[in-house]
Amino acid sequence: MQSTLAADRIGRRCGSPLRWPVSLNLHSRTERIPRFINSIKCEQAFSPQACVSSGFSGPSVPADSWYASSTPIPRHVESVKIAMLEGKGRGLVATHDIALGEVVMATPPLVLVTSPLRQRPSGELVVDEILERKLYGSTWFSVLYDGSSRSSKAEFQLAPADALGNGSHSLIPEPVDVPRRAQPPEPVVVSMSAAVKALAAASATSPAKKKGFLASRSSTGRRGKGSAAVTASKGGQGSAIPEALPLPDRREQTRLAKVVKFNCFGDDTEDLAACECRGEQPRGHIGLWPEFALFNHSCAPNTTNYVIGDSMVVRACRPIRTGEEVTICYLGRPQLLPFSRRISILSDEYGFECNCTRCMAEQAHFDKVADVYLELFEDVNEKLGPAFLEARAAGDLEAIGELQREVQSWLRRLYGLFRKTLLAPDVRHYVIASLYDAYDLLFSCAAALGQGEDSSSLQVRASEGARLSRLIINSAPRLLAHAILQGVFELSGDKEMLPR
Ligand SMILES: C[S@@+](CC[C@H](N)C(=O)[O-])C[C@H]1O[C@@H](n2cnc3c(N)ncnc32)[C@H](O)[C@@H]1O
């Protein structure tokens, strides 16, 4: 969930694609968006209406208004309810059949720290805001997961949206036996300079805070990076929080920091297409959306999520049946890492062994292709990718051609193995998703060499897949491997991706 905190380290430790930001190697995300949207929807203008008619709208939420102006997004939590799930603590399950593209949840933050595009503020700022604004008085902090199994057993239910009025936000979970209604707290926005001052004052008077869980993780050097703004509720229980609420003791502060670590969500950008429609500048952000924090993880999730305005919006990316668990992916970009890397991140950073269908499928067949696959992955990210960037900067077309041939030969070897080992199609698709960087590199080589779209050469066929993948990444920054696969294999056709 705290992709911000994890991702910084993942890049260094695993040599993940974050080291070589493939998705930024040709254009920035913002620059690419209109280009790829145009390429797929040339018959439709890119407008709020186009968004709505192309599947952005959910039947139960009037989503068209979300994209027309920078109006607040109404809270929507009715499609899911809390359930106890074996081995996972609590999770969210569908209360009705959910269609592809339907809004599963739209929920406001308890606290949100924003920054300029492609800068993610540190999670420590979230902790600081919680302390500074006395948000620790919110009932949420007594029920959200804090790393202890006890916390994942706390029973409560989501307050119905209609009880709170249209456009208002509950920051209060409903205890199971004692239904409670609360007035929504008014959000406040403070400038970063105020937040930084408060931070300095608080750290001077409260040494304990520095020792908090996140404080010990400040080696990422992201704390306070760039200018940022903070949106927070005035108090987790609205006016119910007494002004004189004492600062939590050191132990409780450490626990609060853990709640932030396990439940915060951060990204480099908000949804670019939605921002364009709403006339807003996309921002980097990190925040705590308590209702959203109840989703468990899957490496092949059935939803995608992104921030519009200040709200976290979750949409189904495949049909979901009543009672089925609704999942998100905690990994962000590392979702395209090979299985062995993913499970170690989830275990190290999030404290659980992932046994989602994708991990199980890959685990069962992985040994058949593991060596070649991991070698290729390393080679592309550690050697060939950086070499391409260098060659392109130097205008060395010969070197680019050489790199292109090298990636092609890697892929031929791997596909040869696929054929020999009769890898199950679903596993093969998952493995190919993790080869996104290799395809992206082929596309980049082809583009740098000025190779045309009409050629039937491998690199151009591969580039189609890579372009589709990019399209999906751009329109849903929380990228989904299975969505990419759907795009690549259903639109291009599976065979098109095979080297000949
Ligand atoms: C943001 S919380 C999700 C909600 C949490 N299950 C609860 O009871 O509050 C993240 C934590 O949920 C658990 N979790 C999430 N996805 C899981 C999965 N696929 N398998 C096992 N545990 C999972 C892990 O303990 C993880 O650190």
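Each ligand, and each atom within it, is numbered from 1 in the order the structure gives. Just so you know, residue 1 is the first one in the sequence shown, and it goes up from there.
- Checking Leu85, Asn296, Val259 against atom 15 (C) of ligand 1, the nearest heavy atom belongs to Asn296.
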Requested in this report: Output, in order, the C-alpha distance, side-chain angles, deciding distance and verdict of side chain to side chain donor-acceptor pair (under 3.5 Å) for Asp97 and Thr322.
Outcome: CA-CA 5 Å; Asp97 286 354; Thr322 309; 2.7 Å; yes
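- Annotation: Met360, atom CE; neighbour count of heavy atoms from other residues, nucleotides and ligands within 6.0 Å does not exceed 12.
- The residue from Lys261, Lys88, Arg90 that puts a heavy atom closest to atom 8 (O) of ligand 1 is Arg90.
- Between the Asp146 side chain and the Phe141 main chain, no donor and acceptor come within less than 3.5 Å of each other.
- The backbone N or O of Ser115 sits nowhere less than 3.5 Å from a side-chain atom of Arg120 that would complete a donor-acceptor pair.
- Atoms of ligand 1 found under 4.0 Å from any heavy atom of Ser152, numbered from 1 in the order shown, are 8 (O).
- Between Glu353 and ligand 1, no pair of N/O atoms sits closer than 3.5 Å.
- Annotation for ligand 1: atoms under 4.0 Å from non-hydrogen atoms of Tyr350 are 26 (C), 27 (O).
- The side-chain hydrogen bond (donor to acceptor under 3.5 Å, both in side chains) search around Glu280 returns Arg278, not counting sequence neighbours.
- Distance alone, capped at 3.5 Å, is enough to place a donor-acceptor pair between the Asn302 side chain and the Thr327 backbone.
- Here Phe352 has side-chain heavy atoms under 4.0 Å from ligand 1, and that is the only part of it that gets that close.
- Near Asn263, with a cut-off below 4.0 Å to any heavy atom, the atoms of ligand 1 are 1 (C), 2 (S).
- Considering both main-chain and side-chain atoms, Tyr145 comes within under 3.5 Å of ligand 1 through a nitrogen or oxygen pair.
- Trp289 and Phe265 have perpendicular rings, their planes meeting at more than 60° on a 0 to 90° scale where under 30° would count as parallel.
- Residue Ala293 places a heavy atom under 4.0 Å from ligand 1.
- If you look at Tyr330 next to ligand 1, the close heavy atoms, those under 4.0 Å, all belong to the side chain.
- In this structure, Asn263 contributes its side chain and Tyr145 its backbone to a donor-acceptor pair below 3.5 Å.
- Under a 4.0 Å criterion applied to the non-hydrogen atoms of Gly87, ligand 1 contributes the atoms 21 (C), 22 (N).
- For ligand 1, the atoms lying closer than 4.0 Å to a non-hydrogen atom of Phe295 are 3 (C).
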